[in-house]
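Working notes, beginning with the structure itself.
Lettering follows sequence order; numbering is per chain, from 1.
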Number of protein chains: 2
Amino acid sequence: MVQSEQEFLKQYDIRNYDVPLTTVDVAIFTLINSQLHVLMVERAEHPHKQRWSLPGGFIDLTQDTNLQQAALRKLKQKTGVKTSHLEQVETIGSAKRDPRGWSLTVLYMALIPFVEPLKDDLSVTDAKWWPFEKALKQRLAFDHKVLLGQARDRLRAKSGYTVLPVHVLTPPFTLTQLQQSFEELLGVAIEKKSFRRRIQSADVLVEVGEGLPEGGRGRKAMLYKPKPGVPQHAFVRAFGVDE
Amino acid sequence: MVQSEQEFLKQYDIRNYDVPLTTVDVAIFTLINSQLHVLMVERAEHPHKQRWSLPGGFIDLTQDTNLQQAALRKLKQKTGVKTSHLEQVETIGSAKRDPRGWSLTVLYMALIPFVEPLKDDLSVTDAKWWPFEKALKQRLAFDHKVLLGQARDRLRAKSGYTVLPVHVLTPPFTLTQLQQSFEELLGVAIEKKSFRRRIQSADVLVEVGEGLPEGGRGRKAMLYKPKPGVPQHAFVRAFGVDE
DNA sequence: GTAATAGTGTCTCTAAGACACTATTAC
DNA sequence: GTAATAGTGTCTTAGAGACACTATTAC
């Protein structure tokens with residue numbers, strides 16, 4: 001019997017197949033007092049009820065037109081933030097990571113300037129910014145400790161050859177503040193001149209007047225904001241990779 | 001009513017939820033006559049029956065313990081190759097990419113030395129190596145043209161700052177052959193001395209005697225094979241990024 | 001003036017790029 | 001010898017790193 005594609009589609013029903021459980025999780029990073037923080041939520045539902053986890057959940061097959069949209073929806077739901085740096089990190093899937101069965105999660109990472117977390121969400125009993133290291137030490141839901149680590153690794157690596165860290169500051173900011181962000185996300189100190197040379201050559205900032213120096217004492221500092229749609233600038237050489 | 005996690009899991013059935021269709025696809029690359037080729041299969045089944053597509057398909061919830069395993073299984077099924085470079089590229093999902101409904105695919109990329117494709121697979125009427133550019137011009141199934149492009153982009157980028165191209169050659173090979181591989185995967189010419197300096201500093205090859213020069217004329221060339229488990233060497237600077 | 005922070009000048013060092021050179025082979 | 005390919009020597013260049021220097025402010 002030869003079957004047309006139309007006929008095939010008519011009788012196709014995904015429920016006849018064993019499929020994995022699919023979710024999207026987002027590691028949302030920001031800087032608070034020059035310290036890396038990650039937004040975590042406390043689960044209101046089984047499994048792993050009451051444990052802290054990354055914001056995330058199922059794809060809404062009617063609302064979400066694509067994966068990025070699904071991740072963006074999670075981000076907005078927890079922060080109100082609509083645009084920011086959002087990138088896919090990795091997809092993790094295995095038979096064991098969720099007690100409900102074979103499960104797969106698409107991990108995203110977002111960088112945003114600080115905002116208070118929104119809490120109008122029933123699937124969650126609390127939402128708050130954790131200092132990154134402290135979050136890592138919690139007993140998290142599922143394999144979210146591993147996911148946090150992967151997002152952190154990506155963040156560190158890309159901070160070395162892109163201008164990603166501009167996304168975690170609330171403009172306007174000084175170059176000293178920006179350097180501190182780079183250093184915190186990179187995990188190593190950067191030489192001041194090297195840093196400034198690079199930022200200048202990347203051409204991603206706009207001057208917006210002068211402001212107070214760090215600590216309130218000393219020479220006034222130039223203030224900057226990111227150029228609209230900060231170009232995805234990639235440098236040929238990476239920072240802080242010497243032995 | 002308070003419900004324990006055990007009770008919750010007992011009554012949980014994924015079939016009560018709308019979930020996306022989930023697949024794994026693998027862009028398998030090799031070099032044939034110094035030309036980049038990609039392994040494609042002709043679909044035996046709806047949808048998109050008889051169109052060429054990337055090897056891939058559903059996760060086997062009982063056989064595959066995790067995602068990487070699923071990708072490895074696809075690779076082995078089509079090539080017999082069990083180990084090689086295999087890395088995740090990106091996960092693409094949308095409501096529209098598959099006529100059966102909301103679908104998501106985890107795209108992998110593999111690099112292997114040339115082997116004849118295996119064809120003992122019922123879901124497929126043919127399997128063959130296509131020159132990459134020619135494959136891109138075919139009318140492919142689903143959004144596989146986009147997937148091919150993403151895998152190609154990743155391949156090009158990583159060939160600039162890693163030793164990835166060592167994986168597409170059948171050892172032993174000469175440095176000239178290896179340079180040609182790098183150039184083909186990168187898409188730009190590399191200066192001979194720069195190339196040799198870098199390969200030497202990466203320390204990923206072992207000498208295995210002497211062989212004929214390229215074209216059969218001229219001085220004999222040293223032959224090499226990759227060191228076992230070729231280290232994931234990343235250079236601080238990228239090749240061929242000048243303007 | 002001093003202390004503190006912002007910002008620059010300039011040398012060194014590493015590794016890519018350019019390119020001419022030597023080495024080895026077949027004929 | 002010539003032609004062809006393998007492989008090296010060495011200068012230039014770009015950009016990170018080091019670090020001392022100047023500039024501007026509050027006090």
Problem - Given DNA chain C, 5'-ward residue of the pair Phe235(B) and Gln177(A), judged by closest heavy atom - result: Gln177(A)

Practice task
Respond yes when some side-chain nitrogen or oxygen of Arg217(B) is under 4.0 Å from OP1 or OP2 of dC27(C), and no when none is.
Solution key: no

Handout entry: Nearest-angstrom distance from the residue atom CD of Gln180(A) to C1' of dT5(C)
Key = 11 Å

Completion exercise
note: Phe195(A), atom CZ; dT5(C), atom P; distance rounded to Å ~ 17 Å

Exercise for the section: Mark yes when over 12 heavy atoms from residues, nucleotides or ligands other than Lys128(A) sit less than 6.0 Å from its NZ; otherwise mark no. Expected result: yes

Practice task
Assign the ring pair Phe132(B) / Phe29(B) to parallel, tilted or perpendicular, where the plane angle (0 to 90°) is split at 30° and 60°.
Solution key: tilted

Exercise for the section: Check whether any side-chain N or O of His144(B) sits under 3.5 Å from a backbone N or O of Leu54(B) as a donor-acceptor pair, and report yes or no. Expected result: yes

Problem - Donor-acceptor contact present, side-chain Gln138(B) to main-chain Leu140(B), <3.5 Å - result: no

Exercise for the section: If dA4(D) has a Watson-Crick or G-U wobble mate with both distances under 3.5 Å, name it; if not, just say none. Expected result: dT24(C)

Exercise for the section: Quick one: sort the Trp129(B) and Phe114(B) rings into parallel, tilted or perpendicular, breaks at 30° and 60°. Expected result: tilted

Practice task
Could you name each residue pair satisfying side-chain hydrogen bond (donor to acceptor under 3.5 Å, both in side chains) that touches residues 211-240 of chain B, not counting sequence neighbours?
Solution key: Asp203(B)-Lys227(B)

Exercise for the section: For the pair Glu184(A) and Gln180(A), evaluate side-chain hydrogen bond (donor to acceptor under 3.5 Å, both in side chains) and give the outcome as yes or no after the intermediate values. Expected result: CA-CA 6 Å; Glu184(A) 171 72 6; Gln180(A) 282 167 2; over 6 Å; no

Practice task
For residues Pro113(A) and Thr170(A), report the shortest heavy-atom separation together with the two atoms involved.
Solution key: CB-OG1, 3.5 Å

Completion exercise
Paired to dT10(D) by Watson-Crick or G-U wobble criteria (both distances under 3.5 Å) is dA18(C)

Exercise for the section: Mind listing the residues from residues 205-214 of chain A sitting with a heavy atom below 4.0 Å of DNA chain C? Number order is fine. Expected result: Pro213(A), Glu214(A)

Practice task
May I have the distance from Ile199(A) (atom CD1) to dG15(D) (atom C1'), rounded to whole angstrom?
Solution key: 14 Å

Practice task
Indicate whether OP1 or OP2 belonging to dT14(C) is found under 4.0 Å from a side-chain N or O atom of Arg237(B).
Solution key: no

Handout entry: Value in whole Å for how far the P atom of dA16(D) lies from OH of Tyr161(A)
Key = 15 Å

Using a cut-off of under 3.5 Å, enumerate the N/O to N/O pairs linking the protein to nucleotides 7-10 of chain D.
from   : atom 1 : to        : atom 2 : distance (Å)
dG7(D) : OP1    : Met222(B) : N      : 2.9
dG7(D) : OP2    : Arg196(B) : NH1    : 3.4
dG7(D) : O5'    : Arg196(B) : NH1    : 3.4
dG7(D) : N7     : Lys192(B) : NZ     : 2.4
dG7(D) : O6     : Lys192(B) : NZ     : 3.0
dG9(D) : N7     : Lys193(B) : NZ     : 2.6

